[in-house]
**Student:** 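Dropping the structure in here first, questions after.
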Protein chains: 2
Amino acid sequence: MRGQSLKGHLDLLLLSVVAGGPKHGYAVMEALRSASGEAFDLPEGTIYPALNRLEREGLLGSDWSVVQGRRRRTYHLTGRGREALAEQRSGWEEFVAAVNRVVGGVPWPATS
Amino acid sequence: MRGQSLKGHLDLLLLSVVAGGPKHGYAVMEALRSASGEAFDLPEGTIYPALNRLEREGLLGSDWSVVQGRRRRTYHLTGRGREALAEQRSGWEEFVAAVNRVVGGVPWPATS
DNA sequence: CACATAGTGTAGTATCGCTAGGTATGAGAG
DNA sequence: CTCTCATACCTAGCGATACTACACTATGTG
């Protein structure tokens, strides 16, 4: 997965993770990693700018807090964020369907 | 689909289309468009450089011909191209699985 | 003759995740 | 007390890659 194959799909992932409950950046990183089964081990330089952008776009909101002396910026999904998530979900479904149609329609030689 | 969400997945699409039989660039464009159900209507500036790159990488081979006064460059899959296609297919499967795990695991409200 | 369709190509742009660096706190090891 | 590691945040610039916008040739049609 090492590649940058998630171009254009990062927002969907981040919104999905935050939809599972408010989280701060570092926690988003870890949640994404574990939820994907270690597939998406994204660096901070990817996560933080993306979260910032999503907040600027009004899809996320954030609150600062201090826990054990460490600053935390906790993000939560806004109403528009929830809408955007739904859109991106269906967009993702369409995308997968379209690629699968091209790739062969038939799933795959069934590993099982 | 308008977006550039296929970043990193274009090679898979092109190799898949060419795997369905040798085609020249213009035909690849059309095959991709129709096979995807109009979802992937990619411009020439995307197709041609990509096909060239795939040939440089040894995944495609090409032969020139002239049909009705028009030059045609017909691409075909090489052995290495076939291997690469298999790899990219399984990479795609993994990618989809990983995203779906994050997005919710459960497919989606089942449109049907 | 103009225009659409077929057919190929490229130079430059824009997008976007990533690299590599910086700041700071707390906990544990030596 | 210092060193290192984990936690926690951030950003400037890079690099990969698809797209825009053009240029060129040829055939057929109005």
Side-chain angles (χ1 to χ4, degrees), chain A residues 1-15 17 22-34 36 39-57 59-60 62-75 88 95 98-99 102, chain B residues 1-15 18 22-34 36 39-57 59-60 62-75 88 95 98-99 102:
Chain A
M1 197 70 48
R2 295 277 63 88
Q4 60 289 29
S5 39
L6 44 75
K7 294 241 181 181
H9 306 291
L10 180 59
D11 292 5
L12 168 63
L13 296 175
L14 296 179
L15 292 175
V17 167
K23 286 176 187 61
H24 59 285
Y26 203 85
V28 168
M29 267 178 56
E30 300 198 313
L32 186 52
R33 175 150 36 86
S34 72
S36 67
F40 300 130
D41 192 5
L42 306 184
E44 304 157 4
T46 295
I47 301 289
Y48 290 115
L51 289 173
N52 264 280
R53 197 191 66 245
L54 290 173
E55 182 171 26
R56 277 201 308 278
E57 293 170 1
L59 308 185
L60 293 181
S62 72
D63 302 289
W64 284 96
S65 60
V66 176
V67 177
Q68 291 182 332
R70 294 190 184 99
R71 301 184 312 150
R72 274 190 184 175
R73 186 170 184 179
T74 301
Y75 294 91
Q88 300 216 10
F95 175 68
V99 173
V102 174
Chain B
M1 197 71 46
R2 294 277 65 86
Q4 61 288 26
S5 39
L6 43 75
K7 293 242 182 182
H9 306 292
L10 179 59
D11 292 5
L12 168 63
L13 296 175
L14 295 179
L15 291 174
V18 176
K23 288 178 187 57
H24 57 287
Y26 201 86
V28 168
M29 269 177 55
E30 300 198 312
L32 186 52
R33 175 151 37 87
S34 72
S36 69
F40 300 130
D41 192 4
L42 307 183
E44 305 152 5
T46 294
I47 302 291
Y48 289 114
L51 289 174
N52 264 281
R53 198 190 65 245
L54 291 173
E55 183 171 25
R56 276 201 308 279
E57 292 170 1
L59 308 185
L60 294 181
S62 71
D63 301 288
W64 284 98
S65 60
V66 176
V67 176
Q68 291 182 330
R70 293 186 184 103
R71 302 186 313 150
R72 274 189 183 174
R73 187 173 184 175
T74 302
Y75 293 92
Q88 300 218 8
F95 175 69
V99 172
V102 174

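Below, read A as the first sequence line, B as the second, and so on, with proteins coming before strands; counting in each chain starts at 1.
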**Student:** Quick one: salt bridge (Lys or Arg N to Asp or Glu O under 4.0 Å) partners of A:E44, sequence neighbours excluded?
**Tutor:** none
**Student:** What pairs of nitrogen or oxygen atoms, one from the protein and one from nucleotides 24-27 of chain C, lie under 3.5 Å apart?
**Tutor:**
| unit_1 | atom_1 | unit_2 | atom_2 | d |
| --- | --- | --- | --- | --- |
| C:dT25 | O2 | A:R70 | NE | 2.9 |
| C:dT25 | O2 | A:R70 | NH2 | 3.3 |
| C:dG26 | O4' | A:R70 | NH2 | 3.2 |

**Student:** Who pairs with B:V67 by side chain to side chain contact (heavy atoms under 4.5 Å, CB included), at least two apart in sequence or on another chain?
**Tutor:**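 Result, side chain to side chain contact (heavy atoms under 4.5 Å, CB included) vs B:V67: B:S65, B:R72.
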**Student:** Please check the phosphate of D:dA8 (OP1 and OP2 only) for any side-chain N or O of A:R72 closer than 4.0 Å.
**Tutor:**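 For A:R72, the contact criterion (side-chain N or O under 4.0 Å from OP1 or OP2 of D:dA8) is met.
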**Student:** Contact list please: residues 46-54 of chain A against DNA chain C, heavy atoms, distance less than 4.0 Å, in numerical order.
**Tutor:**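 Listed by number, they are A:T46, A:R53.
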**Student:** Which comes earlier along DNA chain C counting from the 5' end, the contact point of A:P43 or that of B:V67, where each point is its nearest nucleotide?
**Tutor:** B:V67
**Student:** Who pairs with A:P43 by side chain to side chain contact (heavy atoms under 4.5 Å, CB included), at least two apart in sequence or on another chain?
**Tutor:**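 Only A:T46 meet the side chain to side chain contact (heavy atoms under 4.5 Å, CB included) criterion with A:P43.
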**Student:** Only pairs under 3.5 Å count here: list side-chain donor-acceptor contacts from residues 26-33 of chain B, not counting sequence neighbours, and write none if there are none.
**Tutor:**
| unit_1 | atom_1 | unit_2 | atom_2 | d |
| --- | --- | --- | --- | --- |
| B:R33 | NE | B:D41 | OD1 | 3.1 |

**Student:** Heavy atoms under 4.0 Å, any strand shown: does B:G45 hit a base, just sugar-phosphate, or nothing?
**Tutor:** base
**Student:** With respect to the side chain of B:E44, which nucleotide from D:dC22, D:dC10, D:dA16 is positioned closest?
**Tutor:**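 Among the listed nucleotides, the one closest to the side chain of B:E44 is D:dC22.
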**Student:** Pick the closest DNA chain C nucleotide for A:D11 and for B:A27 by heavy atoms, then say which residue is nearer the 5' end.
**Tutor:** B:A27
**Student:** Which angle, to the nearest 10 degrees, lies between the helix axes at the two ends of the helix from C:dC1-D:dG30 to C:dG30-D:dC1, each defined by five pairs?
**Tutor:** 10°
**Student:** Side-chain contact test, heavy atoms from C-beta onward, threshold under 4.5 Å: evaluate it for B:T74 versus B:W64 and give yes or no.
**Tutor:** no
**Student:** Under the salt bridge (Lys or Arg N to Asp or Glu O under 4.0 Å) rule, collect the residues that match up with A:R53, sequence neighbours excluded.
**Tutor:**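 A:R53: salt bridge (Lys or Arg N to Asp or Glu O under 4.0 Å) contacts with A:D11, A:E57.
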**Student:** Quick one: does A:L60's side chain get under 4.5 Å of A:L14's, heavy atoms only?
**Tutor:** no
**Student:** Which listed nucleotide (C:dG9, C:dG17, D:dC9) is nearest to the side chain of A:Y26?
**Tutor:** D:dC9
**Student:** Any idea which of D:dC19, C:dG9, D:dC10 is nearest the B:L42 side chain?
**Tutor:** D:dC19
**Student:** Quick one: which of D:dC9, D:dT20, C:dG17 gets closest to the side chain of A:L10?
**Tutor:** C:dG17
**Student:** For B:E55, enumerate each residue passing the side chain to side chain donor-acceptor pair (under 3.5 Å) test, keeping only those at least two apart in sequence or located in another chain.
**Tutor:**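 B:E55 satisfies side chain to side chain donor-acceptor pair (under 3.5 Å) with B:S62, B:R73 only.
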